[in-house]
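Bear in mind the structure is a predicted one, so any value in this text is a computation, not a measurement. Throughout, numbering of the chain's residues begins at 1 and tracks the sequence.
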Amino acid sequence: MSETNEEIAENLNIAWRFFCSNGYVDGFGHISARTADPDRVLITPHSLRADSTPDEFVMIDLDGNQYGSDVKLPGELPIHLEIYKSRRDVGSVSHFHCMHATSFSMSEHDLMPTYFLASIFRDGVPVHPDAKLVQTQERGVALAETLGSHRAALMRAHGIVVTGPDVIEMTAGVFILDDNAKRTAIAASMGKFETLGDEEMAEIEAEILSGRGPINRIWGLCKAEVAEIDR
């Protein structure tokens, strides 16, 4: 059964508050999701507070036109618009400046899966070569081309973009991507480190995505943490 716009807004709000409480939003960052109408999107307004509510997410179309609101939108709105235009399979998009994952865009190492949950990124995490703010359609198109069919991309010396078919999987993807980066950085500090083999990653990825057990577990932790904040 398809989610209603109200349910999508509620999930975006849970995700946003989780990201804020865990340091993903360091003054920068925004998330979005397609609505029941795939040509319309709900997105965080510019500088959304950590104690957000579902009704604060803004309805826009894929040209950036707002519906029922005239609030300021994120300056890097083209990240979202151009990915949605090029990827009909993407239902949710996020952009953050996560320290550990972003650091790999400035190193000699590719951010490859070393931790089993990161097998969902087994096809790689490409690095977008342009570190500038994605404030124009041209730059948004270029970033979407770098992302290609991948789940995520690094923006060189800038940040990350993570997608998913819905808010729940996007949120888990952000968590897993940066967690894998932390674990890999620790392993690299010890010397030589290993990445997972493609055959075993394919098997693990299939298990993760078929039942979405670990993804739903991460989402459950997000919901529980936000509920605790509200107590």
Side-chain angles (χ1 to χ4, degrees), residues 1-21 24-97 128 132-147 151-153 155 158-174 219 222-223 226-227 229-230:
M1 181 182 294
S2 298
E3 292 178 300
T4 66
N5 289 350
E6 290 73 20
E7 290 169 331
I8 294 167
E10 178 64 31
N11 283 350
L12 279 170
N13 192 57
I14 291 169
W16 180 254
R17 295 187 67 183
F18 173 78
F19 288 138
C20 287
S21 68
Y24 294 90
V25 184
D26 56 353
F28 303 93
H30 27 89
I31 62 175
S32 66
R34 285 192 201 268
T35 64
D37 176 350
D39 292 321
R40 291 193 179 185
V41 170
L42 286 169
I43 190 167
T44 47
H46 187 272
S47 299
L48 183 61
R49 305 180 327 272
D51 59 343
S52 61
T53 57
D55 62 322
E56 291 181 278
F57 289 83
V58 183
M59 177 84 72
I60 61 172
D61 63 22
L62 297 186
D63 292 318
N65 299 308
Q66 294 187 49
Y67 294 87
S69 172
D70 61 357
V71 300
K72 185 177 181 181
L73 297 176
E76 293 188 292
L77 179 61
I79 290 176
H80 302 261
L81 299 182
E82 299 310 319
I83 290 175
Y84 286 125
K85 288 176 187 176
S86 66
R87 292 276 301 276
R88 299 299 290 185
D89 62 311
V90 168
S92 188
V93 175
S94 60
H95 170 55
F96 297 111
H97 296 171
H128 186 56
K132 294 189 289 293
L133 292 169
V134 183
Q135 295 180 318
T136 67
Q137 182 180 18
E138 180 182 15
R139 292 179 186 176
V141 168
L143 175 58
E145 288 176 351
T146 296
L147 177 67
R151 182 182 291 270
M155 301 164 69
H158 181 155
I160 66 170
V161 171
V162 180
T163 69
D166 54 30
V167 176
I168 292 171
E169 197 163 312
M170 174 277 289
T171 302
V174 173
W219 183 246
C222 294
K223 290 175 68 175
V226 171
I229 293 171
D230 288 335

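Legend: residues meeting salt bridge (Lys or Arg N to Asp or Glu O under 4.0 Å) with Asp230, ordered by chain and number and at least two apart, are Arg17. Every residue meeting the side-chain contact (heavy atoms from CB on, under 4.5 Å) condition with Ala153, not counting sequence neighbours, appears here in chain and number order: Pro126, Leu147.
A donor-acceptor contact closer than 3.5 angstrom is absent between the side chains of His158 and His128. Tyr84 and Ser32 share a donor-acceptor pair across their side chains, judged by distance under 3.5 Å alone.
Atoms CG and NE2, on Leu77 and His46 in that order, are 11.5 Å from each other to the nearest 0.5 Å. One distance of note links OG of Ser92 with NE2 of His80; it measures 9.0 Å at 0.5 Å rounding. Taking CZ of Arg34 as the start and CD of Glu3 as the end, the distance is 13.5 Å to the nearest 0.5 Å. Leu12 CG to Ile43 CD1: the interatomic distance, rounded to the nearest 0.5 Å, is 9.5 Å. A distance of 8.5 Å separates CG of Asp61 from CG of Asp39, quoted to the nearest 0.5 Å. Separating the CG atom in Asn5 from the CE atom in Met59 is a distance of 4.5 Å, to the nearest 0.5 Å.
Under a 3.5 Å cut-off, the side chain of Thr44 and the backbone N or O of His30 do not form any donor-acceptor pair. Using modelled atom types, no side-chain atom of Gln66 and backbone atom of Val58 make a donor-acceptor pair closer than 3.5 Å. Between the side chain of Thr163 and the main chain of Arg151, a donor-acceptor pair closer than 3.5 Å is present. Of the possible donor and acceptor atoms, none in the side chain of Trp219 sits under 3.5 Å from a partner among the backbone N and O of Ala15. Judged by distance alone, with hydrogens and angles left aside, the side-chain atoms of Glu56 form a donor-acceptor pair with the main-chain N or O of Thr53 at under 3.5 Å.
Between Tyr24 and Phe19, the two ring planes are perpendicular [angle over 60°; tilted spans 30° to 60°].
Looking at heavy atoms from C-beta onward, Glu169 lies in side-chain contact with Asp166 at the 4.5 angstrom threshold. The closest side-chain heavy-atom distance from Trp16 to Val25 is below 4.5 Å. Between Ile31 and Met170, some side-chain heavy-atom pair lies under the 4.5 Å cut-off. With a 4.5 Å cut-off on side-chain heavy atoms, Val161 and Val134 do not count as touching. Counting heavy atoms from C-beta outward, Ile60 and Leu81 have side chains that approach closer than 4.5 Å.
More than 12 heavy atoms of other shown residues, nucleotides or ligands fall within 6.0 angstrom of atom NZ in Lys85. Sparse packing is recorded around CG of Asp70, with 12 or fewer heavy atoms of other residues, nucleotides or ligands lying under 6.0 Å away.
Looking at every heavy atom in both residues, Val226 comes nearest to Phe18 through CG2-N, 3.9 Å. Between Pro38 and Leu62, the closest heavy-atom pair is O-CD1, 4.4 Å. Considering all non-hydrogen atoms of both residues, Val167 and Ala33 come closest at CG2-CB, 3.6 Å. Scanning all heavy atoms of the two residues, the minimum distance from Glu82 to Ala144 falls at O-CB, 3.8 Å.
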For residues 135-142, dump all side-chain donor-acceptor pairs below 3.5 Å to protein atoms at least two apart in sequence or in another chain.
{"from": "Thr136", "atom 1": "OG1", "to": "Arg139", "atom 2": "N", "distance (Å)": "3.2"}
{"from": "Arg139", "atom 1": "NH1", "to": "Leu133", "atom 2": "O", "distance (Å)": "2.8"}

